[in-house]
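These notes are about the structure you will find just below.
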Amino acid sequence: YKVDFDGKNDNYQVNGVTDPTTGSVTVTKVVDGGEAVVADFPLFVDEESVVSGVAEDFEAGAYVVSETNSDEDYTAEITGDCDAEGNLEVVAGESYECTITNTFEAQTGTLIVQKVVVNDDEGTSVAADFSFQVDAGGAVSFEADGSNELTGQSLGAHVVAEVPVIGYTTTYSGACD
């Protein structure tokens, strides 16, 4: 409270001014790449749901800023006034800004395509004489050992087809149908 004293006749007045008990917290979501949007990642300060970019008051104390991220293709990074784990100590009368950035990083894998050459009927070809295509892309020659590892392939089904060679019949085995 503030006390004003006028110095005359011992009159004084008490004005109802109190110290603040809350601090302002703004959590902002940034989505970098991919198809997701801000609304795909619900934001929280402790258990309280918050809206991206909107300041809200919280009582002084310790909090954890977080999100719900159910998309494994996005990695989250917390910056600003929060530490990397989202911890934030709110002091009354202060303002804080924390940003959670979700960066798209498509999950990929390695596709292994192997060639076995059977030289019946006096054939003389070796694996390097053959090539294949993945998802109707450009032809890829087989390595001398007949095994090609294609890294960075998107997860999911792919179509692998050998480019035909006269005098040889193609058959598929392994994880192919």
Side-chain angles (χ1 to χ4, degrees), residues 1-114 132-138 140 147-160 174-177:
Y1 287 93
K2 180 179 178 188
V3 176
D4 290 330
F5 181 68
D6 67 4
K8 302 178 197 173
N9 303 324
D10 295 329
N11 291 327
Y12 61 92
Q13 180 179 13
V14 177
N15 294 321
V17 178
T18 59
D19 290 331
T21 61
T22 63
S24 175
V25 177
T26 303
V27 181
T28 302
K29 163 59 62 198
V30 175
V31 179
D32 184 14
E35 304 278 327
V37 296
V38 170
D40 293 331
F41 303 94
L43 300 172
F44 301 92
V45 174
D46 278 352
E47 302 297 320
E48 184 175 330
S49 179
V50 295
V51 176
S52 179
V54 176
E56 294 197 31
D57 289 336
F58 288 88
E59 291 293 322
Y63 295 91
V64 177
V65 172
S66 64
E67 69 174 356
T68 300
N69 179 357
S70 60
D71 191 331
E72 66 184 33
D73 285 340
Y74 287 87
T75 57
E77 179 183 23
I78 301 175
T79 57
D81 294 319
C82 293
D83 70 11
E85 286 77 42
N87 297 306
L88 177 65
E89 184 70 32
V90 173
V91 174
E94 299 294 323
S95 295
Y96 302 91
E97 293 185 16
C98 298
T99 300
I100 303 177
T101 302
N102 291 85
T103 303
F104 181 74
E105 295 175 2
Q107 302 297 310
T108 61
T110 300
L111 175 63
I112 300 172
V113 181
Q114 295 180 317
F132 64 95
Q133 296 173 299
V134 176
D135 298 328
V140 177
S147 183
N148 289 56
E149 291 189 12
L150 306 173
T151 60
Q153 299 296 306
S154 61
L155 299 181
H158 293 278
V159 176
V160 178
C176 301
D177 42 347

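If you're wondering where the values come from, they're calculated on a predicted model, not measured in any experiment.
Distance check, rounded to the nearest 0.5 Å: CG of Leu150 to CG of Leu111 gives 5.5 Å. Note that CG of Asn69 is 7.0 Å distant from NZ of Lys29, once rounded to the nearest 0.5 Å. Here the CG atom belonging to Leu155 is positioned 6.5 Å from the OG1 atom belonging to Thr108, to the nearest 0.5 angstrom.
Scored by the ring-ring contact (aromatic ring centres under 6.0 Å, His included) test, Phe104 finds Tyr74 as partners (sequence neighbours excluded). Applying the side-chain hydrogen bond (donor to acceptor under 3.5 Å, both in side chains) criterion to Asp73, with sequence neighbours excluded, gives no partner residue.
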**Message:** Would Val65 and Tyr96 count as a side-chain contact (heavy atoms from CB on, under 4.5 Å) here? Give the steps.
**Reply:** CA-CA 11 Å; Val65 172; Tyr96 302 91; over 6 Å; no
**Request:** Would you please test Ile112 and Glu149 for side-chain contact (heavy atoms from CB on, under 4.5 Å) and show each step?
**Result:** CA-CA 5 Å; Ile112 300 172; Glu149 291 189 12; 3.8 Å; yes
**Message:** Walk me through whether Glu67 and Leu43 qualify under side-chain contact (heavy atoms from CB on, under 4.5 Å).
**Reply:** CA-CA 4 Å; Glu67 69 174 356; Leu43 300 172; 4.0 Å; yes
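Heavy-atom minimum distance, Pro20 versus Gly93: CG-CA, 3.8 Å. Taking all atoms of both residues into account, the shortest heavy-atom contact from Asp46 to Phe44 is O-CB, 3.3 Å.
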Anything under 3.5 Å between a donor and an acceptor, one on a side chain of residues 75-89, the other on a protein residue two or more places apart or in another chain? List them.
| residue | atom | partner | partner atom | Å |
| --- | --- | --- | --- | --- |
| Thr75 | OG1 | Glu105 | OE2 | 3.4 |
| Asp81 | OD2 | Glu97 | N | 2.7 |
| Asp83 | OD1 | Glu85 | N | 2.9 |
| Asp83 | OD1 | Gly86 | N | 3.0 |
| Asp83 | OD1 | Asn87 | N | 2.9 |
| Asp83 | OD1 | Asn87 | ND2 | 3.4 |
| Asp83 | OD2 | Asn87 | ND2 | 3.1 |

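Put simply, the residue from Val31, Val30, Ile100, Thr68 that forms a side chain to side chain contact (heavy atoms under 4.5 Å, CB included) with Phe41 is Val31.
Using a 4.5 Å cut-off on side-chain heavy atoms (C-beta onward), Phe58 and Val45 make contact.
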